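Reviewing the structure listed below.
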Number of protein chains: 2
Amino acid sequence: MSLYTAASLKAELNDRGWRLTPQRQTILQVFQNLARGKHLSAEELHDLLQGEGEQISLSTIYRTLKLMARMGLLRELELAEGHKHYEINQPYPYHHHHLLCVRCNKTIEFKNDTILKIGSKQAKKDGFHLLDCQLTIHAICPSCQRALLPV
Amino acid sequence: MSLYTAASLKAELNDRGWRLTPQRQTILQVFQNLARGKHLSAEELHDLLQGEGEQISLSTIYRTLKLMARMGLLRELELAEGHKHYEINQPYPYHHHHLLCVRCNKTIEFKNDTILKIGSKQAKKDGFHLLDCQLTIHAICPSCQRALLPV
DNA sequence: TCGTTATTAAATATTATTCGCAATAATACA
DNA sequence: TGTATTATTGCGAATAATATTTAATAACGA
Ligand SMILES: [Mn+2]
Ligand SMILES: [Mn+2]
Ligand SMILES: [Zn+2]
Ligand SMILES: [Zn+2]
C-alpha cells in the first residue's frame with residue numbers, strides 16, 4: 001500500500017534537484033496513512049498535524065501540496081467551493097473517481113477501470129506525460145433534491 | 001446548437017422562482033456563441049462584455065456564473081491555477097473532456113462517449129441528479145517535458 | 001567537513017470571490 | 001393595465017485561500 005518510503009521519496013526529489021525534508025516526509029506519510037475516502041484541505045492537514053504535535057507552517061503545507069501534486073504523488077481535487085482537497089494518488093487497483101453534490105458537497109467515491117485507460121490513451125496520443133486522471137460528476141444528491149428550490 | 005432561447009431560459013428560471021434579467025440573457029448568449037474550445041473566467045467574461053459595450057457588474061457576473069453552473073447550463077472548469085473557467089454545457093454529441101498541462105495550462109479538448117455513459121450510470125445508481133460529468137487529465141505537455149526541471 | 005543553495009517559518013501581500021446594502025425592475029395578481 | 005412584492009442589480013467593502021518576501025536553517029554534493 002505504502003508506495004513511497006523515505007528512500008524512494010528522496011530519490012524522486014533529488015532526481016529533480018530537490019531535497020527531502022522532514023516536513024515533506026511527514027506530509028506524504030499522512031496521506032499514505034489516510035483512510036480510504038478521506039480528503040484533506042491545506043487547512044485540515046495543518047490542523048491534523050498540529051494535533052499530532054507536528055509543527056509545520058501553513059506556507060510549507062501549501063508549497064508541499066502543490067509540489068507533490070505536480071510530481072504526481074498527490075491528487076488535487078475540487079470537491080468543495082473555495083478550496084482544494086488532496087489525497088494520495090494511487091495507481092490502478094486503487095484508482096477511483098468522485099460523484100459530488102454541488103449543493104451539500106456530499107462526495108461518493110467509485111471505481112472504474114475504463115476511465116484510466118481512456119485517460120492514459122488520450123495523454124499518450126497527444127504526447128503528454130500523465131500525472132492524474134479524474135472523472136468528477138457534478139450532481140444533486142437525493143436529499144438535496146427533496147429539499148427543493150433553495151439554489 | 002443554441003439550446004436556450006430567451007423564452008426557454010425564462011421558463012427554466014421562473015420554474016424555480018427566479019427571474020429572467022437582461023444580464024442573465026446576455027451572459028448565456030455569450031457562452032452559446034463562444035467558439036468551440038474557448039473557456040472564459042469571470043474576469044474575461046467581464047472584459048469581453050465591456051468590449052461589446054455591455055455594462056454588467058463583476059458581482060453579477062460571479063453570481064450568474066455560479067447560478068448557471070448549478071442549474072446545469074454552464075460547466076465550471078478548473079483549467080488554471082487560481083480561478084475557474086466556464087463553458088456552455090452541451091449534451092451528447094458536443095459533450096467533451098479536457099487534457100491539461102499542469103505547468104503551462106495548455107488545454108486540449110477531446111470527446112469520448114463512454115465517459116458520459118459511465119457518469120450517468122453512476123449518478124443514477126446513487127440517486128443523484130446529473131448536472132455535469134467531466135474527465136480532467138492532469139499531465140505535462142511535450143514542450144514542458146523538454147523544458148526540464150523548473151517545477 | 002564545508003560551501004552552496006533549496007527550504008523553512010513568519011509576516012505580509014495578493015487576488016478571486018462573496019457579502020451587505022440601497023436602488024431597481026421582473027413577476028404575480030388585482 | 002396598474003400595483004405590490006421581492007428577486008436582482010451595482011457598488012463598495014469584506015473575506016479567505018493562497019502566494020510571496022525575507023532572513024535563518026539545513027540538505028546535499030564534493
Ligand atoms: Mn478520493
Ligand atoms: Mn471545453
Ligand atoms: Zn446534497
Ligand atoms: Zn505545458
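Proteins get letters first, then strands, A, B, ... in listed order; numbering begins at 1 in each. Nothing here was measured: the structure is a model prediction, and the numbers come from that model. Just so you know, these numbers use all the heavy atoms, side chains as well, and skip hydrogens, waters and symmetry mates.
- Between the base of D/dC11 and the side chain of B/Ser59 there is a donor-acceptor pair shorter than 3.5 Å.
- Side-chain proximity of A/Lys66 to the nucleotides D/dG10, D/dC28, D/dA19 is greatest for D/dA19.
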Checklist line | Test log, rule side-chain contact (heavy atoms from CB on, under 4.5 Å), inputs B/Ile61 and B/Glu44 | finding: CA-CA 10 Å; B/Ile61 288 183; B/Glu44 285 165 349; over 6 Å; no
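- At whole-Å resolution of the value, CD in A/Glu44 and C1' in D/dA16 are 15 Å apart.
- Distance from the side chain of A/Thr60 is smallest for C/dA9 among the nucleotides C/dA6, C/dA9, D/dT8.
- Between the side chains of A/Glu109 and A/His96, a donor-acceptor pair is found at a separation under 3.5 Å.
- A donor atom on one side chain and an acceptor atom on the other are not found under 3.5 Å apart for A/Arg146 and A/Ser143.
- One can place OH of B/Tyr62 at 16 Å from P of D/dC11, the figure rounded to the nearest angstrom.
- When the side chains of ILVMFWY residues are joined at heavy-atom separations under 4.5 Å, either directly or via intervening members, A/Leu13 and A/Ile27 end up in a single hydrophobic cluster.
- Between A/Asn14 and D/dC28, a side-chain N or O to OP1/OP2 separation shorter than 4.0 Å is present.
- Remark: B/Arg24 is in phosphate contact with D/dT8, judged by side-chain N or O atoms under 4.0 Å from OP1 or OP2.
- Checking the phosphate oxygens (OP1, OP2) of C/dT27, a side-chain nitrogen or oxygen of B/Lys10 falls inside 4.0 Å.
- Closest approach to the B/Thr21 side chain among D/dA17, C/dA26, C/dT8 is made by C/dA26 (side chain taken as heavy atoms from C-beta onward).
- As rounded to whole Å, 15 Å separates atom P of C/dA16 from atom CG of B/Leu45.
- When rounded to the nearest whole Å, the span between CG of A/Leu9 and C1' of D/dA27 equals 13 Å.
- Across the protein-nucleic acid pair, A/Arg19 atom CZ and D/dG29 atom P stand 9 Å apart, rounded to whole Å.
- When the nucleotides C/dT7, C/dA9, C/dA25 are ranked by their closest atom to the side chain of A/Ile56, C/dA9 comes out on top.
- Residue B/Gln23 places at least one side-chain N or O closer than 4.0 Å to OP1 or OP2 of D/dG10.
- Summarising the geometry, the separation between NE2 on A/His46 and P on D/dA16 is reported as 17 Å, rounded to the nearest angstrom.
- For C/dT7, its base never sits under 3.5 Å from the side chain of A/Arg63 at any donor and acceptor pair.
- Of the listed residues (B/Leu116, B/Asn89, B/Ile118), just one forms a side-chain contact (heavy atoms from CB on, under 4.5 Å) with B/Cys133, and that residue is B/Leu116.
- The interatomic distance linking A/Tyr86 (OH) with D/dA17 (P) rounds to 13 Å, in whole Å.
- Atom-to-atom, CH2 of B/Trp18 to P of D/dT8 comes out at 8 Å; the value is rounded to the nearest Å.
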